Engineer: 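Before I ask anything, let me first share the structure, which is written out below as structure tokens.
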Amino acid sequence: MAEAQKRSSHTTLKRRQRFHPKRDVRPAVLAKADRLVIRVAAFIGLAFLAVIILQAVF
């Protein structure tokens with residue numbers, strides 16, 4: 001009986017990983033957030049390089 005409960009809970013975990021419109025964040029929102037993170041990381045990287053170049057010049 002305990003094995004049957006373990007099996008059923010395992011299948012509910014698998015089923016729960018799918019996108020649920022009322023519970024989960026929409027994939028479009030995640031994609032937008034990912035783009036924002038990439039832009040911020042690129043900006044920080046470019047600013048870092050600009051500071052290094054300016055220090056080398058002066």
Side-chain angles (χ1 to χ4, degrees):
M1 189 114 161
E3 289 179 32
Q5 285 178 342
K6 283 182 185 176
R7 260 186 259 134
S8 67
S9 67
H10 186 65
T11 55
T12 54
L13 282 175
K14 277 189 175 178
R15 208 178 297 136
R16 194 177 274 180
Q17 286 176 354
R18 283 191 217 143
F19 170 67
H20 190 277
K22 290 184 180 176
R23 267 189 265 148
D24 296 338
V25 179
R26 292 182 182 173
V29 173
L30 289 175
K32 192 174 181 181
D34 286 344
R35 282 194 295 265
L36 178 66
V37 167
I38 290 171
R39 283 183 187 167
V40 169
F43 177 76
I44 291 171
L46 288 173
F48 182 70
L49 286 174
V51 167
I52 290 176
I53 290 170
L54 283 173
Q55 285 183 347
V57 169
F58 293 114

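Computed from a predicted structure; not experimentally measured. Both backbone and side-chain heavy atoms feed into the values below; hydrogens, waters and symmetry mates do not.
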Engineer: Could you work out, with side chain to side chain contact (heavy atoms under 4.5 Å, CB included) as the rule, every residue matching R35, not counting sequence neighbours?
Structural biologist: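 R35 satisfies side chain to side chain contact (heavy atoms under 4.5 Å, CB included) with A31, K32 only.
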Engineer: Under the side chain to side chain contact (heavy atoms under 4.5 Å, CB included) test, which residues partner V51, sequence neighbours left out?
Structural biologist: Q55
Engineer: Is I44 linked to L36 within one hydrophobic cluster, defined over Ile, Leu, Val, Met, Phe, Trp and Tyr using a side-chain heavy-atom separation of less than 4.5 Å?
Structural biologist: yes
